[in-house]
Amino acid sequence: MDTTPTPPMADTAEARRYNRIRRWLGMADAFVGFALLVVLLVTGWTGELRDWSYHLGGQRYFLAVFLYVLMFSLIMKALSGPLEFYGYRVERRYHLSNQKLGAWLWDELKGWLLGLALGAVFVELIYAIIRIAPQRWWMIAWAVFIGLFLLIVQLAPVVLFPIFYKIEPLNNDELRERLTRLGQRAGTRVRGVYEWKLSEKSKKANAALMGIGRTRRIVLADTLLQNYTGDEIEAVLAHELGHHVRRHILKSILTQVAITLFGFWLINQVLRFALGHDWFPSLDPRLYDFANLPLIILVATVLGFLLMPAMNALSRRHEREADLYAWENIPAVGAFVTAMTKLADQNLAERTPSRFVEWFFESHPSIQKRIAAAEAWARNRQPAS
Ligand SMILES: [Zn+2]
């Protein structure tokens, strides 16, 4: 095999601009959310929102909690909606989206309703637990959160994902055969490979490993299946199989378990400190006053933001492991390299983001690094001839 390193390709101005806009949009969205939480707390408007909720809910506590979550979520959507619409326009402008405005709005509505339903269930549970066990609520809430989280990970591929995308078992004997062979060599078996009908919405290509237990599966976007050779698709399949074999979903879940335990402990500490020192006069000192919800979300948001580089570093490590697994299990890394090159072009990815951008924002190593690592691996394995 030819192992001359692929020369680094400079990113086009278009790719740089597109990725810069996307990062700014992400940060603006996070800032808007952060600002809303701070404003609600500092102005005391969260207290007024709570009073309206009681009034509209006929003084019934759990109905009032729901109405509070509903109003909060409407305000949040009103603020972030324009940014999301701009994000949609950007995808259209860079010819990465096929979606008509109506279909996009329909997806937005479904996403908002799903978020509201999940958020409302969880917030109701938190305040029910606070009322029952005001001292140890944070530990119980953490256990309940983990239970719900596992349920969502399991149901995601069969219930949540199909709300937005059509997905069906892969109808391609040659590819199924290749996956079976890959799995046999690894002594493992993935229950299913599914075709993800991404092309009706997007021109980008993607693949993923999803689910736990019986819902574990590999999904391949039809945009990938249409434009890549059998060898290239096998390289992508081998990468996803690598995530499965190296138990990356389990490892990510265990990381979440540890971080959320710390998170709930921290929320309890901050709540008690802030209420004890009367930081926000509109909040009742009793913990079950749901007007303190913005403070709970604020602590969780700040913690999530601070941990982002660490979480992304863990994810990049998983990606490197899955890549190594792929190179070891495909006939030649050339197909991996061309698949990566095609993916970068098709998705308008930055091949060489700045070091800061990669460290802070990226869940995958840059395409340039992945290609260079694959070629270095192939050179080291083959004695020079
Ligand atoms: Zn991966």
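Both ligands and their constituent atoms are indexed starting at 1 by order of listing. Just so it is clear, the model here is predicted, and its values are computed rather than measured.
Closest heavy-atom contact between G230 and R178: O-NH1, 3.5 Å.
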Ignoring hydrogens and angles, write down the donor-acceptor pairs under 3.5 Å from the side chains of residues 282-309, residues two or more places apart or on other chains.
unit_1, atom_1, unit_2, atom_2, d
D284, OD1, R286, N, 2.7
D284, OD1, R286, NE, 3.0
D284, OD2, R286, NH2, 2.9
D289, OD1, R50, NE, 2.8
D289, OD1, A291, N, 3.1
D289, OD2, R50, NH2, 2.9
D289, OD2, D284, N, 2.8
N292, OD1, Y127, OH, 2.5
N292, ND2, L287, O, 2.9
N292, ND2, D289, O, 3.0
T301, OG1, I297, O, 2.6

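Heavy-atom contacts from other residues, nucleotides or ligands closer than 6.0 Å to CZ of R247 number 12 or fewer.
Within the coordination shell of the Zn ion (ligand 1), defined by N, O or S atoms under 2.8 Å, H243 is present. Contact annotation: H239 places an N, O or S atom under 2.8 Å from the Zn ion (ligand 1).
The nearest N/O/S atom of E319 to the Zn ion (ligand 1) is OE1.
Within the hydrophobic cluster formed by Ile, Leu, Val, Met, Phe, Trp and Tyr side chains joined at under 4.5 Å, directly or through other members, I167 is accompanied by L114, L118, L151, I152, L155, V158, V159, L160, F161, I163, F164, Y165, Y194, W196, L198, M210, V219.
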